[in-house]
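Have a look at the structure below, then the notes.
Keep in mind it's a predicted model, so treat the numbers as computed, not measured. In what follows, residues are counted from 1 in the order of the sequence shown.
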Amino acid sequence: MRTHYCGELNQQHIDEVVSVCGWVNRRRDHGGVIFVDLRDKKGILQVVFDPDDADMFAQAETQRNEFVLRVEGKFRVRPEGTNNPEMATGEVELLAHKLEILNASETPPFQLDEEEVHDDNRLKYRYIDLRKPEMQYRMQLRAKVTHFLRSWLEGNEFLDIETPMLTRATPEGARDYLVPSRTHPGAFFALPQSPQLFKQLLMMSGMDRYYQIVRCFRDEDLRADRQPEFTQLDIETSFMDEEKIMAMMESMMRGLFTEVLSAEVDSVFPRMSWAEAMERFGSDKPDLRIKLELQTISDVLKDVEFKVFSGPASDPEGRVAALRVPGGNELTRKEIDDYTDFVGRYGARGLAYIKCNDVSAGREGLQSPILKFLPDEAIQTILERTGAESGDLIFFGADKASVVNESLGALRLKVGQDRGLVEAGWRFLWVVDFPMFEYDEGEKRWNALHHPFTAPATDSPDQLEGDPGGTLSRAYDMVLNGTELGGGSVRIHNLEMQHRVFSLLGIEEQEAEEKFGFLLTALKYGCPPHGGIAFGLDRLVMLMAGASSIRDVMAFPKTQTASCLLTQAPAEVSERQLRELSIRLRKPQGDN
């Protein structure tokens with residue numbers, strides 16, 4: 001139906017007769033001449049309808065936004081003085097000779113150039129929203145990313161192997177989506193939260209190198225980077241340690257950003273231990289584009305009379321930390337109060353501060369309600385440790401270490417964004433040396449920081465049981481600009497070690513056999529050393545596209561309540577379908 005796309009026509013096609021198809025992006029009637037901006041996936045082209053052809057001109061007069069057209073005509077240079085530098089095709093146009101209206105359109109619920117469109121409308125009429133140039137770009141970018149990743153992995157001898165969508169429910173940290181079985185009344189499949197166990201089984205099957213771009217499902221509360229169904233790039237290898245796996249993944253990411261974005265990234269990604277990341281940034285996924293860092297000052301304040309500081313400073317599980325804000329002395333009282341409210345969302349009970357008017361003047365050059373509680377020596381040490389200069393402001397966090405890390409870590413990001421302290425570029429980072437376990441004080445038990453199949457950084461089960469809190473894991477996370485792109489680890493390939501880990505996690509032998517019996521059996525039959533990683537494909541594309549949510553790089557995402565406004569899912573099903581699945585809905589009390 002067409003000879004060219006609208007956006008690919010240029011000066012080389014002058015005087016050619018061409019055919020184009022697309023949607024009416026805009027129609028303008030200029031006193032006897034009608035101009036239509038015709039849009040397709042490659043751009044916009046101005047089409048001119050001359051009144052000399054009365055029938056065609058009459059058809060052109062009926063056009064409205066989002067009509068679907070096929071236009072044939074002569075391609076030409078625009079008349080002098082009519083160029084549009086904002087359009088890629090702004091120096092050329094198509095003089096129509098033939099017009100075919102392929103389909104009319106009702107007035108759309110929103111215009112494609114509207115900046116403020118409610119998310120509910122965007123999702124309900126997603127097929128219109130996807131026509132926007134920025135959405136077209138994002139979908140094309142996503143396709144380029146997946147194409148490159150497949151090509152790179154296959155070029156490095158990885159096999160694309162599918163794993164089941166209907167599987168057994170296993171504890172992965174979130175609720176499963178369950179699927180009732182018609183042929184096994186009362187029994188349920190679960191949709192996979194990840195292919196973790198299956199990809200380990202593939203290594204035990206001798207597949208050596210596996211990958212899959214796979215859909216995963218988690219029934220959990222949503223936020224900007226979470227959806228009930230999402231896509232992972234899943235990777236597993238045999239006979240490779242973490243050093244080899246990380247080096248290979250670095251190479252893949254460097255190639256991806258060079259090929260798709262023509263962007264340069266570090267030749268070697270820096271590494272940072274989990275402990276160092278928490279100490280300096282309060283986060284295990286620090287954004288290295290922001291140079292602000294937390295400074296621990298617990299040792300300086302543990303003996304001061306000010307209990308707000310000395311209490312957490314003396315607590316083995318507490319922390320007192322400072323965050324210097326360059327030029328922050330200009331912050332108003334309202335702005336400081338707003339930041340106080342902000343850290344309150346993360347459990348902080350307040351936000352102390354010191355304004356540094358003139359650090360050379362000592363105490364007299366400082367301004368803060370807490371100065372009267374602090375001795376001169378402590379103040380001077382805080383100024384030196386934070387590197388504060390005149391005109392700066394210092395924020396303080398004092399509480400349990402987890403609260404201080406989370407609240408000041410979030411404040412660091414917000415202050416950096418608010419004050420324009422985020423540097424341009426792509427800053428990759430490996431976070432390594434994670435603790436193997438974290439202790440849940442409420443339930444008085446150990447939990448796996450990653451998952452129960454992550455290998456500890458010891459080959460001795462006895463050493464693991466002797467010091468579970470001090471044992472590190474062989475896990476690694478790739479972070480980009482403050483977002484965790486992917487996480488992986490070397491896996492447990494020894495049956496005794498797997499049993500010991502389960503035992504520490506409170507998974508008794510009977511429960512382990514019930515939930516993971518197939519994996520435990522497989523470990524008995526020659527399991528190779530193996531490890532891998534899984535990348536959040538949606539997050540990766542979101543960052544590369546400069547979008548703020550993974551919903552903006554997914555064709556048909558769900559809402560914050562895990563519903564689809566387009567198809568009105570989830571929806572009730574008939575009584576007949578429920579009976580076939582041996583499901584009976586409990587009626588509300590009071591119903592007959």
Margin query: I need the full list of side-chain hydrogen bond (donor to acceptor under 3.5 Å, both in side chains) pairs touching residues 257-274, with sequence neighbours left out, sorted by first then second residue.
Written below: Glu243-Arg271
Item checked: Chi angles and distances behind the salt bridge (Lys or Arg N to Asp or Glu O under 4.0 Å) call for Arg491, Glu236 -> CA-CA 10 Å; Arg491 321 302 186 188; Glu236 199 78 5; 2.9 Å; yes
Check: Is it true that the NZ or CZ of Lys414 lies under 6.0 Å from the centre of Phe342's six-membered ring and within 45 degrees of the ring axis?
Finding: yes
Item checked: Plane angle bin for Phe453 and His451 - parallel if under 30°, tilted between 30 and 60°, otherwise perpendicular -> tilted
Next item on the list: Flag the pair Phe269 / Phe428 as yes when their ring centroid distance falls below 6.0 Å, and as no otherwise.
Entry: yes
Checklist line | Glu438 backbone acceptor or donor facing Asn447 side chain under 3.5 Å | finding: no
Notebook entry, point to check: With Phe535, which of Leu540, Ile213, Ile235 fulfils side-chain contact (heavy atoms from CB on, under 4.5 Å)?
Noted result: Ile235
Next item on the list: For Thr471 and Asp467, indicate whether the former's side chain and the latter's backbone hold a donor-acceptor pair under 3.5 Å.
Entry: yes
Next item on the list: Tell me, yes or no, whether the heavy-atom count around Lys244 atom NZ, taken from other residues, nucleotides or ligands under 6.0 Å, exceeds 12.
Entry: no
Margin query: Strictly by ring pair (Phe, Tyr, Trp, His ring centres under 6.0 Å), give each pair with a member in residues 400-427 just once, sequence neighbours left out.
Written below: Phe257-Trp426
Checklist line | Step-by-step salt bridge (Lys or Arg N to Asp or Glu O under 4.0 Å) determination, Asp287 to Arg412 | finding: CA-CA 10 Å; Asp287 189 342; Arg412 170 183 172 270; over 6 Å; no
Notebook entry, point to check: Testing Asp119, Asp538, Asp129 for salt bridge (charged side-chain N to carboxylate O under 4.0 Å, His left out) with Arg551, which one passes?
Noted result: Asp119
Notebook entry, point to check: What pair of heavy atoms forms the shortest contact from Phe502 to Ala512, and how long is it?
Noted result: CD1-CB, 3.7 Å
Next item on the list: Quick one: do Glu242 and Arg474 satisfy salt bridge (Lys or Arg N to Asp or Glu O under 4.0 Å)? Show the steps, please.
Entry: CA-CA 7 Å; Glu242 50 266 58; Arg474 297 178 68 180; 2.6 Å; yes
Checklist line | Gap between atom CG of Leu411 and atom CZ of Arg345 - 0.5 Å precision | finding: 11.0 Å
Item checked: side-chain contact (heavy atoms from CB on, under 4.5 Å) assessment of Cys564 paired with Lys558 -> CA-CA 5 Å; Cys564 176; Lys558 303 291 190 293; 3.9 Å; yes
Note to self: Is any side-chain heavy atom of Phe158 closer than 4.5 Å to one of Thr237?
What the structure shows: yes
Next item on the list: Identify the two heavy atoms, one from Ala534 and one from Asp234, that lie closest to each other, and give their separation to 0.1 Å.
Entry: CB-OD1, 3.4 Å
